[in-house]
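As structure tokens, the structure follows; a few thoughts come after it.
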Amino acid sequence: MKKKQRYLTFLYHEAVDNNEDSGFQRKSAIPYKHPVKEFRDNIDIIVANTSPIITIHDLSNHEHGTLLSFDDGGKSSILIADYLEQHNLRGHFFITTGMIGSPHFLNESQIAELHKKGHIIGSHSHSHPNVFKNLSYDMMMDEWTKSKQILERILNSPVDTCSIPGGDASKDSYRSAKESGYKILFDSEPCLTLRKYDDLLIMGRICPKQGTSYDTVRDLCHQKGIKKEILKRKIKNMIKTIISPIYTRIYK
């Protein structure tokens with residue numbers, strides 16, 4: 001009997017010493033902005049405690065592995081990519097296309113350069129809705145297709161990977177991504193097994209926030225504490241569901 005494919009995917013956003021230098025400038029974004037040294041230490045811990053570290057291009061050759069993903073497309077993606085390359089690693093950078101070229105985000109040439117260096121470029125929607133699963137199906141389709149078209153024009157290459165803003169997952173968010181032409185979707189469920197929605201592959205992720213202890217990151221590398229991450233995610237999803245009518249206003 002074939003073993004289930006198991007992948008540990010880490011999710012990060014920004015690596016900055018000044019929160020105003022990169023990424024979204026709302027208060028809710030601050031916990032996802034790591035000081036540069038802390039971020040580099042996280043990567044060093046992951047490198048020292050996991051193997052192999054792969055990309056989606058390697059899934060067919062590895063039944064297990066660790067992946068590195070980075071949401072939003074903030075300017076610090078350049079610093080992040082440079083540090084990964086020092087370790088001969090490549091990451092998955094998911095771009096909020098409506099922010100391309102704005103003061104705190106990557107521009108088109110920088111995105112193309114990341115792609116040229118071998119990093120995976122994917123969609124993080126066009127406008128980054130705070131609660132993606134609350135959108136109508138047509139709005140989901142618009143977010144995915146618009147973002148895909150923009151990225152494919154910039155890269156002159158197919159884009160078939162995406163991540164859900166806020167990690168909010170629903171059948172419609174999966175189905176709309178599939179119907180928009182994506183083949184692999186990353187959400188924020190702390191799940192190690194590869195899931196499927198029809199022929200769309202779904203990968204879960206674990207997100208160490210700013211200030212997460214190095215011992216915790218090390219434990220996660222060894223797949224310790226996953227149950228705790230699952231519980232935290234369930235609680236967050238429950239809170240979002242309960243207060244969803246006002247969630248968008250709270251987390252501006």
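In this text, all values refer to a predicted model and were calculated from it rather than measured experimentally. Count residues from 1 along the sequence.
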Quiz item: So, does Ser77 use its side chain to make a donor-acceptor pair with the main chain of Gly73 at under 3.5 Å?
Solution: no
Exercise. Would you check if the side chain of Lys33 reaches a backbone N or O of Asn19 as a donor-acceptor pair within less than 3.5 Å?
Key: yes
Practice problem: Taking Glu63 for its side chain and Arg6 for its backbone only, find out whether a donor-acceptor pair lies under 3.5 Å. | Solution: no
Quiz item: Do Arg175 and Glu179 meet the salt-bridge criterion of a basic N to acidic O distance under 4.0 Å?
Solution: no
Self-check item: Pairwise side-chain contact, Ser125 with Ser147, heavy-atom cut-off 4.5 Å (strictly under)
Solution: no
Practice problem: Please list, chain by chain and in numerical order, all residues satisfying salt bridge (charged side-chain N to carboxylate O under 4.0 Å, His left out) with Asp41, sequence neighbours excluded. | Solution: Lys37
Quiz item: With a 4.5 Å limit on heavy-atom distance, are the side chains of Ile111 and Leu114 in contact?
Solution: no
Self-check item: Check: Ser163 main-chain N/O paired with His124 side-chain donor or acceptor under 3.5 Å
Solution: yes
Quiz prompt | N/O donor-acceptor pair under 3.5 Å between Thr96 side chain and Gly98 backbone | solution = no
Quiz item: Which residues pass the side-chain contact (heavy atoms from CB on, under 4.5 Å) test with His62, sequence neighbours left out?
Solution: Pro52, Ile54, Asp58
Self-check item: Close side-chain approach of Leu185 and Asp187, heavy atoms under 4.5 Å
Solution: yes
Quiz item: Donor-acceptor pair, Asp198 side chain versus Lys178 backbone, under 3.5 Å?
Solution: no
Exercise. Using the six-membered ring wherever Trp is involved, compare the ring planes of His13 and Tyr32 and label them parallel, tilted or perpendicular (cut-offs 30° and 60°).
Key: tilted
Exercise. Would you please indicate yes or no on a ring centroid separation below 6.0 angstrom for Phe186 and His92?
Key: yes
Quiz item: Taking C-beta and beyond as the side chain, do Glu152 and Ser157 meet within less than 4.5 Å on heavy atoms?
Solution: no
Quiz item: Step by step, would you call Arg205 with Asp71 a salt bridge (charged side-chain N to carboxylate O under 4.0 Å, His left out)?
Solution: CA-CA 11 Å; Arg205 298 186 290 181; Asp71 278 1; 3.0 Å; yes
Quiz item: Looking only at atom types and distance, does a side-chain atom of Ser176 sit under 3.5 Å from a main-chain N or O of Asp172, one as donor and one as acceptor?
Solution: yes
Exercise. Just jot down the salt bridge (charged side-chain N to carboxylate O under 4.0 Å, His left out) partners of Arg218, sequence neighbours excluded, or say none.
Key: Asp215
Practice problem: Mark yes or no for whether Gln25, through its side chain, and Gly23, through its backbone, hold a donor-acceptor pair below 3.5 Å. | Solution: yes
Practice problem: Examine Phe70 together with Phe94 and report whether their ring centres are nearer than 6.0 Å. | Solution: no
Quiz item: Relative to each other, are the rings of Phe93 and His119 parallel, tilted or perpendicular (30° and 60° limits)?
Solution: perpendicular
Practice problem: Quick one: pull up OH in Tyr182 and OG1 in Thr145 and give me the separation to the nearest 0.5 Å. | Solution: 7.5 Å
Quiz item: Is there a donor-acceptor contact under 3.5 Å from the side chain of Asp72 to the main chain of Gly74?
Solution: no
Quiz item: Parallel, tilted or perpendicular: which describes the rings of Phe10 and Tyr12, with under 30° parallel and over 60° perpendicular?
Solution: parallel
Quiz item: Short question: side chain of Arg90, backbone of Lys117 - any donor-acceptor pair under 3.5 Å?
Solution: yes
Quiz item: Is the shortest side-chain N to carboxylate O distance from Arg153 to Glu108 below 4.0 Å?
Solution: yes
